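In each ligand, atom 1 is the first atom listed, and ligand 1 is the first ligand listed. All values below come from the heavy atoms of this structure, side chains included, with hydrogens, waters and symmetry mates left out. Keep in mind that this is a model prediction, so the values were computed, not measured.
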Amino acid sequence: MTEKKLKGQVALVTGGSSGIGRAIAIALGKAGAAVIVNYASSAASAEEVAAEIRAGGSDAIAIKADVSREEEVFSMFGEIIQQYGTLDILVNNAGLQQDAPFDEMTLEQWQKVIDVNLTGQFLCAREAIREFLRRGLQPERSRACGKIICMSSVHELIPWAGHVNYAASKGAIKMLMQSLAQEYGPRQIRVNSICPGAIRTPINKAAWETPQAYQQLMTLIPYNRIGEPQDVGNLAVFLASDDSDYITGASIFIDGGMAVYESFADGG
Ligand code: BGC
């Protein structure tokens with residue numbers, strides 16, 4: 001990408017040290033944004049991502065914060081505003097899976113997933129919107145007063161046995177995102193979701209690491225390839241930029257067609 005569509009803008013990517021978050025952080029950096037790479041535990045990986053972004057010519061720092069803890073989110077935003085003056089783009093990406101058959105799922109497994117995947121998005125979106133409203137619209141930065149991208153999943157639509165906590169968190173993100181888009185559209189804040197299918201990252205390694213697993217996975221994906229983190233990075237740049245200025249309240253599926261239910265191609 002040669003055009004710096006996000007030049008002069010500041011972006012926070014939660015869970016930016018690995019997987020999809022890493023690719024998004026790097027893509028936003030390539031598009032010219034200064035990037036805050038948030039991480040919960042892997043400082044070294046987050047520093048690497050920030051270094052890669054700086055090597056590409058954009059500013060970047062890593063900040064540790066558990067997004068499910070209000071006081072840590074407060075202090076992360078405080079640091080961002082102090083260093084960069086404001087925030088333009090929030091990528092609410094941090095998320096995890098704690099899978100179990102439902103009848104064996106512990107309250108801890110349920111709570112952990114809801115805390116990080118859903119409450120984490122609430123806490124970060126609230127701070128971002130407070131900052132967008134404080135700063136106000138500055139047309140030289142962007143046509144929008146602020147942009148929030150929520151990392152959802154095909155599982156905001158497709159039920160997922162054995163992953164009830166995760167699917168419930170993503171179903172809730174759909175309503176969080178749409179309700180925010182409705183509430184803050186009049187203030188020129190855009191809120192959208194990215195709904196990835198199977199993307200080659202550590203979270204779903206078991207689904208792609210052996211040829212057998214990969215072949216099995218392909219029965220769910222009409223387009224017949226796994227997604228790469230870069231695919232999602234490209235979409236995030238589009239949603240963060242003025243190219244998508246008329247898009248708000250949308251769930252954008254990036255899944256090789258997983259959400260069109262390939263199993264029905266010869267059945268039903
Ligand atoms: C999950 C992955 C899964 C994919 C498709 C994602 O939201 O995190 O583990 O491979 O959905 O089922």
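With a 4.0 Å heavy-atom cut-off, ligand 1 is reached by no atom of Lys170.
Under a 4.0 angstrom heavy-atom cut-off, Ala207 registers as lying outside contact with ligand 1. Heavy-atom distances between His163 and ligand 1 stay at or above 4.0 Å for every pair.
Near Asn204, the atoms of ligand 1 lying under 4.0 angstrom from a non-hydrogen atom of the residue are 2 (C), 9 (O), 10 (O). Those atoms of ligand 1 that come under 4.0 Å of a heavy atom in Ser153, given as number and element, are 6 (C), 7 (O), 11 (O).
Of all protein heavy atoms, the one closest to atom 6 (C) of ligand 1 is Tyr166 OH, 3.5 Å. Scanning the protein for heavy atoms near atom 5 (C) of ligand 1, the closest one is His155 NE2, 3.5 Å. Closest to atom 4 (C) of ligand 1, if we only count protein heavy atoms, is Gly197 O, 3.5 Å. Nearest protein heavy-atom neighbour of atom 8 (O) of ligand 1: Gln97 OE1, 2.7 Å.
Transitive grouping of hydrophobic side chains (ILVMFWY, heavy atoms separated by less than 4.5 Å) keeps Ile24 and Val191 in distinct clusters.
Between Trp160 and His163, the ring-plane angle classifies as parallel under the 30° and 60° cut-offs.
The N/O atoms of Trp160, backbone and side chain alike, include none that comes under 3.5 Å of an N/O atom in ligand 1.
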Just list the side-chain donor-acceptor pairs under 3.5 Å for residues 100-108, sequence neighbours left out, or say none.
| from | atom 1 | to | atom 2 | distance (Å) |
| --- | --- | --- | --- | --- |
| Thr106 | OG1 | Gln109 | N | 3.0 |
| Thr106 | OG1 | Gln109 | OE1 | 3.4 |

Name each donor-acceptor pair under 3.5 Å that joins a side chain in residues 45-57 to protein atoms two or more places apart or in another chain, with its distance.
| from | atom 1 | to | atom 2 | distance (Å) |
| --- | --- | --- | --- | --- |
| Glu52 | OE1 | Arg22 | NH2 | 3.2 |
| Arg54 | NH1 | Ala60 | O | 2.7 |

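Two residues are said to be in side-chain contact when any heavy atoms from C-beta on lie closer than 4.5 Å; Asn92 and Ile173 fail this criterion. Using a 4.5 Å heavy-atom cutoff, the side chains of Phe122 and Glu127 are not in contact.
The two residues Arg135 and Thr86 come nearest to each other via the heavy atoms NE-OG1, 2.8 Å.
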